[in-house]
Amino acid sequence: MLIFELSRPQRGNHAQFVAEPFLGLDDIPPALRRRGTPALPEVSELDAVRHYTRLSQRNFSIDTHFYPLGSCTMKYNPRACNSLAMLPQYLARHPLADPATGQGFLSCLYELQEILKEVTGMAGVSLTPMAGAQGEFAGVAMIRAYHAARGDTARTEIIVPDAAHGTNPATATMCGFKVREVPTGPDGDVDVEALRAAVGPQTAGLMLTNPSTLGVFERPIRELQRVVHEAGGLSYYDGANLNAILGRVRPGDMGFDVIHVNLHKTFSTPHGGGGPGSGAVGVAPRLLPFLPIPVVGRDENGYRWLTEADLPQSIGRLSAFMGNAGILLRAWVYARMLGREGMRRVADYATLNANYLMAELARAGFDPAFPARRATHEFVVSLKALKAQTGVTAMDVAKRLLDKGFHAPTTYFPLLVPECLLIEPTETESRETLDAFVRAMAEILEEARAAPEMLKAAPYTLPVRRLDDVRAARQPDLAWGSAPG
Amino acid sequence: MLIFELSRPQRGNHAQFVAEPFLGLDDIPPALRRRGTPALPEVSELDAVRHYTRLSQRNFSIDTHFYPLGSCTMKYNPRACNSLAMLPQYLARHPLADPATGQGFLSCLYELQEILKEVTGMAGVSLTPMAGAQGEFAGVAMIRAYHAARGDTARTEIIVPDAAHGTNPATATMCGFKVREVPTGPDGDVDVEALRAAVGPQTAGLMLTNPSTLGVFERPIRELQRVVHEAGGLSYYDGANLNAILGRVRPGDMGFDVIHVNLHKTFSTPHGGGGPGSGAVGVAPRLLPFLPIPVVGRDENGYRWLTEADLPQSIGRLSAFMGNAGILLRAWVYARMLGREGMRRVADYATLNANYLMAELARAGFDPAFPARRATHEFVVSLKALKAQTGVTAMDVAKRLLDKGFHAPTTYFPLLVPECLLIEPTETESRETLDAFVRAMAEILEEARAAPEMLKAAPYTLPVRRLDDVRAARQPDLAWGSAPG
Amino acid sequence: MPFIPHTADDVAQMLASIGVRSIDDLFDEVPAELGFDGLPQLAPGASELELTRLMEERASGDGRWLNFIGAGAYEHHIPAAVWQLAGRGEFYTAYTPYQAEASQGTLQLLYEWQSMMASLTALDVSNASLYDGATALAEALLMAVRALPQAARRVLVPRNLHPFYRATLKTVLHQQAIDVVEIAFDRATGRIDPAALESQGAGGFAALAINQPNFFGVLEDASAVTDWAHGQGALVVGVCNPLAMAVIAPPGEWAEDGADVACGDAQPFGIPLSGGGPYLGYLTCRSALVRQMPGRIVGRTVDLDGRSGFALTLQAREQHIRRSKATSNICTNQGLMVTAATIHLALIGRQGLERVAMQCHSRSRELGALLAQVPGVAPLFDAPVFHETVLRLPLPVPQVLGRMRGEGILGGLDLAPFYPELGHAMLVCTTETRTADDLQRYARALQAALES
Amino acid sequence: MPFIPHTADDVAQMLASIGVRSIDDLFDEVPAELGFDGLPQLAPGASELELTRLMEERASGDGRWLNFIGAGAYEHHIPAAVWQLAGRGEFYTAYTPYQAEASQGTLQLLYEWQSMMASLTALDVSNASLYDGATALAEALLMAVRALPQAARRVLVPRNLHPFYRATLKTVLHQQAIDVVEIAFDRATGRIDPAALESQGAGGFAALAINQPNFFGVLEDASAVTDWAHGQGALVVGVCNPLAMAVIAPPGEWAEDGADVACGDAQPFGIPLSGGGPYLGYLTCRSALVRQMPGRIVGRTVDLDGRSGFALTLQAREQHIRRSKATSNICTNQGLMVTAATIHLALIGRQGLERVAMQCHSRSRELGALLAQVPGVAPLFDAPVFHETVLRLPLPVPQVLGRMRGEGILGGLDLAPFYPELGHAMLVCTTETRTADDLQRYARALQAALES
Ligand SMILES: Cc1ncc(COP(=O)(O)O)c(C=O)c1O
Ligand SMILES: Cc1ncc(COP(=O)(O)O)c(C=O)c1O
């Protein structure tokens, strides 16, 4: 039932109606006024509350299910981060109010910048990017600005490994660059020789994810970055997987020029069913002048926004105000709760959980894509053999997991491993939960052998059965009342 | 899975651990210290959050289901009442802090007293009773105090109609009275002649619920109360069903001496899975001196608590502090949102919904217990005939309703109607919801005729099937780790 | 029409279905002479926006204070998750779990609560809740009187029990003509005066209440007193701050056999101060007394498929079954508060709770050390305390408190209205929410208040 | 270990299963030379209690203000239910709904959002969200450039568009070497200057953005400008406060054919100001442009049993499928904000939204009337406005604002840094949250600030 189907003309939620008499719109010429009636629902408050409460129950979420979605870091989102960021004074803060009226708010952001500098090993941080992809955008735009400032305008290519997340090549395009892919070697590391062959005077930079989306730490990390630097390019570090190394190694120490951090992953701000995120960027000294604004500065009068006036070479603004400020407060609270020792523990236990789960799944009969490698905070399993034997695909296994009360791992990403599952347990899950997941996977393996057809039609116990994606794309029904043609 | 089963020694939620060093307990002699280890869980924050989030989903509630539980007034609980009562300053208010530091809080309580005086037609109100039953206690204790103050110590009986809610006779006993029952006539009203026969010099008072638990307005209401008054007794009005008459008629105008109002029913404060409630009492002038304390008073210095010093004949305190103060704030917000016109609308639409539902269920083949009477805000249906024909009981129908996504009506209460369902839709449910309920009931009727055995084993779709109550009582397992003998 | 979904169409069709012309017709059984004209004293309905504004204004007028008052209601840190979970509609808007299959969430949670409280008090069984600590004690004493029908209808209650608990007890017990005898305390230690007990004979009372820690924060020698009471054939009811029990011997550990009943207010477990309520009465006892228990009790059982599940049980004690013979009239209790408290205990955990208790107590020792420097201020009693203590001041307490309020501090509770015999006595509490800085601020403000 | 459940036993057994001796061994593929010594600059971990205390102190230092600043971020009443629902774990902690069957809640809600926004803007289709209004406009303009590959890589943007939107656009569009041409506004009306448009030739640009109401609160003659741009073969992008569209003609109603794309920030729909974010970019367009859309789109489809259900669709536009050929790099968007905004719109409803818009506007007229009494203050532009207006003051605005802050009032936005040519100009906004009293307070404070 859609909310619109609950709606009746003249129903509505009168407690929300402004009660006082008000002046009309007669000062606005009729030609400027709205003619049609928008199809907004008119429902009682109870109907709305019941509708969305029940809808919410049709979701899996970290708060209800183990959610080992690789590359997404679905760890516990502390509730205190939410309630403290939502103190009335913070919620009511207008972004253009005088900084003197928001020193508390600004101080948290400033301190978060400092914390991120420290854990990434970079020289400066801007918190304004609103998600990882926007952090990438900022980073690549800074690379462009750097070359441009040096008059080096021939650099038109960004190099991206084939295993990269889709946002990497898409970002390069958004920033007006051509994308050149480099392959991954058989052991999961980027092929250094191929990279060496790819670089040249046209190379603006390399975007590298480390640990990579294959769930391994790029052992030649320093060399990869050196190859690019020697060719005159800069190196971008996609920090989406920072959870794997937090407090243990620092991208700055690896020699990278710029990094983004997904605060909604490593710093545990909520995923919210698809955001808001935060993709803070950190830079090495040579990119400091180009940081996107606003940045929070501090002087004898306290905290204030730094703008073009302070950073005239900045790549500019990335949002109307201050990125996803309220998310930054949450990240700050989280960082402060972890503190110095807590950072490294994140990497330690995320890595422990992933390696344990990989070992146990291997025992249960699954094939790690890189059995000779350590897992980082995540790892890839390939179901190629299973598919060959039984016809059961990674998608079937994923859907069947839902029936067993587990969210599915990431499927079919990274694209280069056939029939793959990318599994990231995170540090906040207990061993008991991991063991239960292994048992469920083992059951599915048996089911695949005994009754492969049954798996093809999973899930069975969810609010809907398997959905017809083809129909969704072929006959798009994208809004209520506009049924597909 | 119980929370204890998730627990592991040394696990625990370290973000909640007080971090600073502290002095020990060496100033407390070892003999006074605890020896045994309490079986409190040691779980991670994620495990706790996930456990209770999932548990919550195993409940029906107003926010998720139509909940036509007679006598309980399961109407929408506005969310604003919750958030406004939980503003930080109110939550942090210590009950013994100087009233000067809580004039805002006290003003809301004072205004609520005034509102309740107005809608009940009584001369004074005390908000301190913490639920309906405690309101009854306060009322009957005031009746005792009134007679005692007049030296009239022979009045040892409280009269209670046979249809009364169990708290009425239980309260009379708590207050040291004997209970005398009077019967209900065939049309649902209390038998006036029987009452006349029951009263005498031993009569301390009558406890009457109106509209009664049979879902009808006591037509001889004035006479009932007059009979008791003429015998020297006082009249108590159980206002649990005030929702039916709010803003239309007033117990004070009917001549009653004392009333309690279940604010968690008529004033829409949350039921919370079994409270907290609030059973504010209102009294006629002659009982004013006996009101339970504290009451909120107002003078030139503002608001303050009235205590024994102000009300020396008070029956005394009913709680350590101020009843369920935070619930009172919610009731005040609700009352202010309804306002003058909104009060009467509650009664009007609650009554409209009940009469409509009764008419439609009758059409669908159900038997109202009092077909010749108007429903008030609720009504009774008897399944006696259905049971005779099919063996299906009220309990079976109730359980089957759960499968169909509706909470069951109250079953087997009032006790005098065999195989009864007491159905209260409340004013906040839409006609569409009532119609869907009627359809579900009609389906069950068909099922009862076609497959009565199937109904005996309902429900089928809930987290558990029908539970063994007998075993629960015979082999009590009341705490984890103390398995039944 | 706030919260009412009916359109004019709906109303017309519904009236037609019923067969009446107007809503007024539905009230035709109400005697006409009872009509009245609206509610002129009431304000018109206000929107949520208006009330939000008004409530925020009143709240900011009330302000925030640095609080050192305890006296039965304690300011503790409440993990953010507690109310984010307890406020979920499925908990917040459910009814008492009569329909067990549709209420497994609340029922299991209540079972977990019962388990936690039984274990924390070191007794066998717990009920699901009572209104508050004071009424829980009243019910506990009524249990004892019913359980010992041969004993005199008298109960002993120490004068060092919370004055408002004593007041509540009397309201309740006097209805049933049960005598409440107050036992004096030792003026040097603040503890129950053994001499006052000696004057009470065997069989002359059904129960003795022991408050641990007592109203003064002082720890009773609960074992000794329990032994004595059991020796007289009476039952012992422990009235305890449940947080203290994380480190202090709980009723089940008193003397050889333990006390018989434990009760009190579980407000310290995740329940905000909120101006005095809603709080949370708890009650636990030995198995033998379970059929005397008032209130809801949840049991674990099995369903038709043999799966374990939960249901209200032993209902034959309750008013809806036993009516005038019930163990109590209680019906609606404090469900939502139990929900919060159970989640609170799960989040804080065994170790966490112990640390909170230790930190509260530590703060009280630290404050004591600071105040030892303030001339004219001294502890009134010479006995171990838990996180709360009585100070003797050289000036009338209201005057001092007024001055401290000027500094934004609620300095404590003036005991003069309750114990005039103690002179200028002030009850001061610290919890884990007070920082070392707060204690300094307190000491400075107190000193200044005494000097000015 | 906050948030980490591992006991020492767990660790030992897990290491044994893996076959290593220590957690450090698991990092043996990390080049040794990258090791570093901890994070000395960071503070040790703090408990939730400590941080609660600290955040509350900082919050109370920031205080609460009577706010008259709008300028793209608006203070509206948010029904209490909005965040009580949006904050539910099932919404708050879910991921992007890739696994449709396990995400029907979020997916259906997104479909409802798309439906609401398509209808409100009077266009055909909506995406699920973009970061904020400024980036939504940048994406809209990129869509237009891609949709009209023959047109010049130029877009026209009025100078009366929010300065920070213009700044953001430039950051984004300049990467792809797209020219952003600023169109002057008429100094008398504050509207787009028709003369400035005339100088732009046909085919010389791919799109024109129209901001309705514009940054000055002024209502553009959007239909006329749309007609002109369509006449030049360009696409029209409406950048609109979606609340205004409850009463003001939405892009789909501009001129004969309507605009082609609408975008903006849906922050006024239940999103708190929160210091500047997270807000909520929306984007709707005609069906013909849907394959140029960036971001997530949800479609309704059926499951194996033929039951209706929802799934992400048209993913071939997106980065995870199309990589370097995607319509945008956007991945994570503003899901939780959409959740709140959808619930907000459902709670406020069609009538409620219209009333909010009317009340906002009414307050602005009422304030205008009051300020007409204040000497030296006058509206700068002569054109109809919606709920926000530019005032000319006789003194430098910062000075006036500073004085008003002394009265607890945020009086408006100084336009001098953005439009120095306008002199002492201040942008002032009223919403339905400002009462008649607030307006009086404002007028008095402004008068006093000018006099002092
Ligand atoms: C490796 C990698 N890079 C980049 C991103 C993009 O981040 P976001 O979704 O926050 O834009 C993601 C996450 O989705 C990712 O996993
Ligand atoms: C008619 C009637 N009287 C009294 C009560 C007792 O009220 P409470 O449960 O609030 O104690 C109830 C409700 O349960 C009731 O329905």
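Any value given below was found using the heavy atoms of this structure, including those in side chains, with hydrogens, waters and symmetry copies removed. A note on names: the letters A, B, ... follow the listed sequences, proteins ahead of strands, and every chain is numbered from 1.
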Can you name the closest pair of heavy atoms from B/Q89 and C/G63 and give their distance? CG-O, 3.6 Å

Between C/E101, C/E75, C/R355, the one whose heavy-atom pairs under 4.5 Å with chain B are most numerous: C/E101

B/A141 versus chain C, heavy atoms under 4.5 Å apart: side chain, backbone, both or neither? both

Which atoms of B/N353 come close to chain C, meaning under 4.5 Å heavy atom to heavy atom: side chain ones, backbone ones, both, or neither? both

Looking only at the aromatic ring of each residue, does the gap between the centers of B/F321 and C/H162 stay below 6.0 angstrom? yes

To the nearest 0.5 Å, how far apart are CG in C/N329 and CE in B/M174? 4.5 Å

So what's closer than 4.5 Å to chain B heavy atoms on C/A177: side chain, backbone, both or neither? neither

Proximity breakdown for B/Y90 and chain C, heavy-atom pairs closer than 4.5 Å: both

Do the side chain of C/T171 and the main chain of B/R317 share a donor and acceptor less than 3.5 angstrom apart? yes

B/V464 versus chain C, the contacting section by heavy-atom distance below 4.5 Å: both

What's the separation between atom NE2 in C/H6 and atom CD in B/E429, rounded to the nearest 0.5 Å? 9.5 Å

Heavy-atom pairs under 4.5 Å with chain B - which of C/P272, C/A134, C/S119, C/S129 has more of them than the others? C/S119

Between C/R405 and B/T101, does a side-chain hydrogen bond (donor to acceptor under 3.5 Å, both in side chains) hold up when you go through it step by step? CA-CA 9 Å; C/R405 272 203 305 282; B/T101 65; over 6 Å; no

Tell me, out of C/D10, C/L410, C/D124, who's got the most heavy-atom pairs with chain B below 4.5 Å. C/D10

Are C/L314 and B/L478 side-chain neighbours, meaning at least one heavy-atom pair lies under 4.5 Å? yes

Derivation of the side-chain hydrogen bond (donor to acceptor under 3.5 Å, both in side chains) call for B/N82 and C/Y92: CA-CA 10 Å; B/N82 189 38; C/Y92 190 77; 3.2 Å; yes

Does either side chain, that of C/Q351 or that of B/E42, offer a donor lying less than 3.5 Å from an acceptor on the other one? yes

Between C/L120 and B/R34, the two heavy atoms sitting closest are O-NH1, 2.6 Å

For B/V346, which atoms come within 4.5 Å of any heavy atom of chain C: side chain, backbone, both, or neither? backbone

So, the part of B/Y67 with a heavy atom under 4.5 Å from chain C: the answer is side chain

Heavy-atom cut-off 4.5 Å, strictly under: side chain, backbone, both or neither for B/H407 against chain C? side chain

Between B/P459 and chain C, with a heavy-atom cut-off of 4.5 Å, which part of the residue counts as in contact: side chain, backbone, both or neither? side chain

